[in-house]
Amino acid sequence: MSFYLAIVSPLDSPLYELAFPSAKPPPPNSASSSTSSFPSWSTFTASNGADLAAEAPSNKVGGNLGLLNGDTKTGPERDRAMCQMIAHKSLDNIEEMMEGTGTLYLKSIDRHNEWTVSAFIATSVKFVLLHDIKNDDGIRLFFLDLWEAYTKILLNPFHTVNTPIRNSAFEAKVRGSARRNL
């Protein structure tokens, strides 16, 4: 079990992200076949079982732009990219639900394979959490702790609003809250 947290500005730019494992032990009946608890990319195979990525021609689409240049990412980089994609794909659903409800905590707003997306809206900043377990009370308490820590960061005169958060005390508070609540 693991979690991915993204704090997204009103302009949909990432302010903070963190991937962390659960401090609680996994349920006894959960069996995972992959080595990573994050979502994984699917591989493209031909009908004979051969890997199509290995048979790709040398001239890649995108040229020098870095688009589909054939560079393969390692496991942690691939996991991070996948979590970013899922979190940012859910932003439209978050904004639709924001308009219909007046609540700050939006639980289970989107699903992607085994991952569930929950969100917390505070002053048009979105806290997005990817999780694979159902712990609504713990997630709500985690978001409240996160909101308090984020508010303290905003009160810091040396922090500019809507810029990435690079503060070790903030990260320690987030990890501590995750350990307690998730």
Side-chain angles (χ1 to χ4, degrees), residues 1-9 12-45 53 71-98 103-122 125-153 164-182:
M1 291 183 292
S2 55
F3 300 89
Y4 174 80
L5 170 70
I7 300 177
V8 183
S9 77
D12 290 343
S13 62
L15 299 178
Y16 182 78
E17 63 178 350
L18 180 66
F20 49 93
S22 175
K24 304 217 182 339
N29 61 355
S30 68
S32 175
S33 61
S34 67
T35 59
S36 173
S37 58
F38 286 106
S40 60
W41 294 97
S42 60
T43 58
F44 298 102
T45 56
D71 294 339
T72 57
K73 294 184 175 185
T74 61
E77 291 172 347
R78 186 175 50 237
D79 292 344
R80 181 173 171 256
M82 182 65 141
C83 289
Q84 285 177 341
M85 181 195 71
I86 295 169
H88 289 279
K89 160 184 104 60
S90 302
L91 290 177
D92 290 334
N93 291 348
I94 292 170
E95 290 173 1
E96 286 175 9
M97 291 193 67
M98 270 176 36
T103 62
L104 298 176
Y105 173 51
L106 306 171
K107 60 180 176 181
S108 304
I109 58 163
D110 199 6
R111 289 195 56 83
H112 182 82
N113 294 340
E114 72 274 6
W115 289 86
T116 303
V117 179
S118 295
F120 188 86
I121 312 303
V125 172
K126 301 164 201 84
F127 302 151
V128 182
L129 182 70
L130 272 67
H131 53 94
D132 58 353
I133 60 170
K134 186 169 176 75
N135 180 9
D136 292 334
D137 291 334
I139 291 171
R140 186 181 54 79
L141 291 172
F142 171 73
F143 277 139
L144 290 174
D145 289 347
L146 181 62
W147 186 19
E148 180 182 344
Y150 179 73
T151 303
K152 288 181 181 177
I153 287 292
I165 299 170
R166 293 181 182 94
N167 187 324
S168 58
F170 178 77
E171 183 169 339
K173 287 180 184 179
V174 170
R175 288 185 184 275
S177 177
R179 228 177 283 116
R180 279 190 313 275
N181 299 312
L182 299 178

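Heads up: numbering here begins at 1 and tracks the sequence.
Arg175 contributes atom CZ, which lies 10.5 Å from atom CG of Leu5 (distance to the nearest 0.5 angstrom). Once rounded to the nearest 0.5 Å, the distance linking CZ of Phe3 with CZ of Phe20 reads 6.5 Å. Atoms CZ and CG, from Arg166 and Leu15 in turn, are 10.5 Å apart once rounded to the nearest 0.5 Å. Expressed to the nearest 0.5 Å, how far CD1 of Ile94 lies from CG of Asp12 amounts to 9.0 Å. One distance of note links OG of Ser118 with CD1 of Ile109; it measures 7.0 Å at 0.5 Å rounding. In this structure, Ser90 OG and Leu129 CG are separated by 11.0 Å, a value rounded to the nearest 0.5 Å.
Note on ring orientation: taking the six-membered ring where Trp is involved, the planes of Phe120 and Phe127 are parallel (angle under 30°, cut-offs 30° and 60°).
Checked against side-chain hydrogen bond (donor to acceptor under 3.5 Å, both in side chains), Asp92 has no partners two or more places apart in sequence or in another chain. Partners of Arg111 according to the side-chain hydrogen bond (donor to acceptor under 3.5 Å, both in side chains) rule, which considers only residues two or more places apart in sequence or in another chain, are Thr116.
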Could you check Val174 against Phe142 for side-chain contact (heavy atoms from CB on, under 4.5 Å), going step by step and ending with a plain yes or no? CA-CA 8 Å; Val174 170; Phe142 171 73; 4.1 Å; yes
Handout entry: Ser177 and Arg180: CA distance, side-chain angles, deciding distance, side-chain contact (heavy atoms from CB on, under 4.5 Å) verdict
Key = CA-CA 5 Å; Ser177 177; Arg180 279 190 313 275; 3.7 Å; yes
**Asked** Run the side-chain contact (heavy atoms from CB on, under 4.5 Å) check on Leu182 and His131 step by step: do they pass?
**Response** CA-CA 9 Å; Leu182 299 178; His131 53 94; over 6 Å; no
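Looking at heavy atoms from C-beta onward, Leu144 lies out of side-chain contact with Tyr105 at the 4.5 angstrom threshold. In this structure the side chain of Glu171 reaches within 4.5 angstrom of the side chain of Leu18, judged on heavy atoms.
No donor-acceptor pair closer than 3.5 Å links the side chain of Asn181 to the backbone N or O of Phe143. A donor-acceptor distance shorter than 3.5 angstrom exists from the side chain of Thr151 to the backbone of Trp147, with no hydrogens or angles considered.
Between Ile121 and Leu106, the shortest heavy-atom distance links the atoms CG1-CD1, 4.0 Å. Contact record, Ala6 with Ala87: CB-CB, 4.4 Å, taken as the closest heavy-atom pair.
Between Phe170 and Tyr16, the ring center distance clears the sub-6.0 Å criterion.
Look at Glu95 and Lys126 and you find a salt bridge, because one of the NZ, NE, NH1 or NH2 atoms lies within 4.0 Å of a carboxylate O, short of that distance.
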